[in-house]
Amino acid sequence: MKVFLSWSGRRSKAMAEFLQNWLPDVIQAVDPWVSSRSISQGSRPLPNIADELSECNFGIVCVTPESRGSEWVNFEAGALSKVLEESMVVPLLLDIDKSQVTGPLSQFQMTVSTEKEEMFKLVTDMNKRLGDSALVPDRLIRSFEQNWPELQEELKKITSLKGETKAEQRQKRPVDDLLDEVLLLARRQEIRLSTLEKTIDSLRIDNAGGGRFARTSRIEPRDTGGDPDVPSEVKMSDADTRKAKEAFARLRLYGVLGVRIMGDRVTVNVKEFPESDSAAIAEFRDAVSGLANEISCSVSVKSTSGNSYRHDWPF
C-alpha cells in the first residue's frame, strides 16, 4: 500500500523522512513516499508529486506549529482526500495541540505523534486496509512495541530542532509552484475525463456482445472462472489493443480485473499479487517488468486489498 507523506518546513520534513523508514519496520507491506527523498535526480518534481497523489490511498500530513498554515500541506491533504474515494488522510501532530490546528486540516481525524495509544491506532488503521497482507493483531502489537522507542527518541530530537536556516528558507517551495501543481493536477483530471468520453484508453469485454471489446472505462474478463480470452474483433487503436492483450497475457495468473491505458502509463487491477513469498514476489515483479519493457510504458498494478506495485519505464 502506497502511503503519501506530506511535509512543509524543517521539522515537518524531518518527521516525514524518518517515517519513510520507520513505517515499513512496523508494517512491511506499506510503501511510504516522500518528495524530498523519492524523486530521482534529474526528474521533474511536480509531475512526480502529482502521480503519487493520484496513486496513494493513504496520506499522512506531518504538522508542526510552523507547517500548520502551509499552503502545500493544506493543498496536498485536500488532493489526497479527493483523488481516491477510499483515501484516508491523517494529520500527524508534533509539538502542537489539536485545538491549535485550524483550516482544512481540522476536518480530519488528527493523531498526536508522541501519544503511544494514538500512534498504535494509526498503524492499526493502516494495517486494516491491507486486506490479506495485513499483520495478525499479535504480530502487529509486537512489531509496534519493538519500534516505538525508536520513534519516541527521534521525535524528541526533531522537537528540539530550531527554526529553519536561511538556506532552507531560500529552498522553500514558492506559491507559484503550488499553483503549477494545482494546474497540473487539474489538467490531468481533464485529460482523464476526456479520454473516458472519447476513447480507447480503457476497454471492457462486452459479455452480452459475444465477447467483444467495448470502448468504456476499463476492460474486464468474462466471469467464466478460467483465464480471460482476448477477442479478435476490437473497437480501439491497434497500439492500445496490443497493450491490453499483453497485460492480460503476462499478468493473468494474478486474476486481471481491468486495465486502464493513459498514454505511456498503464494501470492493471488484479485480484491479488504475492507480498510475502520471496520467490513468488520475484516472479511477479519479473512479469510486470517484462510487460513494461514489451509495451514501452510504465506499469502500475493494484490489488483488491489496496496493495500496489509500480515499474517505471524507462528506468
Side-chain angles (χ1 to χ4, degrees), residues 1-28 30-39 45 48-49 52-53 56-81 87-127 143-165 167-169 171-173 178:
M1 179 177 70
K2 283 290 188 73
V3 179
F4 187 96
L5 297 170
S6 177
W7 61 273
S8 178
R10 187 181 188 187
R11 295 199 291 180
S12 177
K13 177 183 177 183
M15 285 179 67
E17 291 182 343
F18 182 77
L19 288 171
Q20 186 183 27
N21 295 323
W22 186 81
L23 286 172
D25 287 342
V26 180
I27 307 175
Q28 291 71 38
V30 301
D31 181 17
W33 190 94
V34 58
S35 60
S36 60
R37 286 183 173 176
S38 302
I39 298 178
N48 275 273
I49 293 173
E52 294 300 327
L53 280 170
C56 291
N57 54 7
F58 202 103
I60 295 177
V61 184
C62 299
V63 183
T64 63
E66 313 89 76
S67 69
R68 60 176 171 173
S70 164
E71 296 95 341
W72 280 100
V73 294
N74 282 292
F75 164 71
E76 290 175 345
L80 281 167
S81 67
S87 63
M88 178 176 286
V89 182
V90 179
L92 186 61
L93 312 186
L94 178 66
D95 199 26
I96 185 172
D97 295 330
K98 293 180 181 179
S99 60
Q100 295 176 289
V101 179
T102 58
L105 289 176
S106 62
Q107 67 180 300
F108 302 109
Q109 186 69 35
M110 291 175 275
T111 296
V112 178
S113 61
T114 53
E115 293 291 333
K116 185 176 182 179
E117 290 185 3
E118 293 194 21
M119 282 300 298
F120 181 70
K121 183 180 184 304
L122 172 61
V123 298
T124 300
D125 289 343
M126 295 174 66
N127 190 56
S143 181
F144 178 80
E145 290 290 346
Q146 180 180 353
N147 289 283
W148 166 251
E150 183 184 10
L151 175 63
Q152 199 174 24
E153 185 64 28
E154 186 65 22
L155 290 175
K156 290 179 182 179
K157 295 178 182 177
I158 295 173
T159 301
S160 66
L161 293 176
K162 301 302 180 182
E164 297 170 335
T165 65
E168 289 167 333
Q169 290 175 351
Q171 292 174 2
K172 271 190 173 181
R173 300 180 286 187
L178 173 61

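By the 6.0 Å contact criterion, CD on Gln100 is enclosed, its count of non-hydrogen atoms from other residues, nucleotides or ligands being greater than 12.
Taking CD of Glu145 as the reference point, atom NZ of Lys116 lies at 3.5 Å (rounded to 0.5 Å). Here Asn127 contributes atom CG and Met1 contributes atom CE; the two are 8.5 Å apart, rounded to the nearest 0.5 Å. Here the CG-CZ distance, from Asp95 to Arg11, works out to 4.5 Å after rounding to the nearest 0.5 Å. With values rounded to the nearest 0.5 angstrom, Asp125 atom CG is found 9.0 Å from Gln109 atom CD. Distance check, rounded to the nearest 0.5 Å: CD1 of Ile60 to OG1 of Thr111 gives 8.5 Å. For the atom pair NZ (Lys13) and OG (Ser6), the distance works out to 13.5 Å, reported to the nearest 0.5 Å.
Ring pair Trp22/Phe144 is perpendicular by interplanar angle, where above 60° counts as perpendicular and below 30° as parallel.
Closest approach of Val34 and Ala16 over heavy atoms only: CG2-CB, 3.7 Å. Shown here for Leu19 and Pro24, the closest heavy-atom pair between the two residues is O-CD, 4.0 Å. Of all non-hydrogen atoms in Ala14 and Leu161, the two that sit nearest each other are CB-CD1, 4.4 Å. Shown here for Glu115 and Trp148, the closest heavy-atom pair between the two residues is C-CH2, 4.1 Å. Listed here is the closest heavy atom pair of Met110 and Leu105: CG-O, 4.4 Å. The two residues Leu92 and Val112 make their nearest non-hydrogen contact at CD1-C, 4.5 Å.
A donor-acceptor pair is defined here as one N or O able to donate and one able to accept, closer than 3.5 Å; no such pair exists between the side chain of Glu150 and the backbone of Asn147. Between the side chain of Ser12 and the main chain of Cys62, a donor-acceptor pair closer than 3.5 Å is present. Listed for the Gln146 side chain is no donor-acceptor partner under 3.5 Å among the backbone atoms of Ser143.
A salt bridge links Lys98 to Glu118: at least one charged side-chain nitrogen sits closer than 4.0 Å to a carboxylate oxygen. Classification of Glu66 and Arg10 as a salt-bridged pair fails, no side-chain N sitting under 4.0 Å from a carboxylate O.
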Q.
I'd like to know whether Leu23 forms a side chain to side chain contact (heavy atoms under 4.5 Å, CB included) with Met126, so could you lay out the CA-CA distance, the side-chain angles of the two residues, the decisive distance to 0.1 Å, and finally the verdict.
A. CA-CA 10 Å; Leu23 286 172; Met126 295 174 66; 4.3 Å; yes
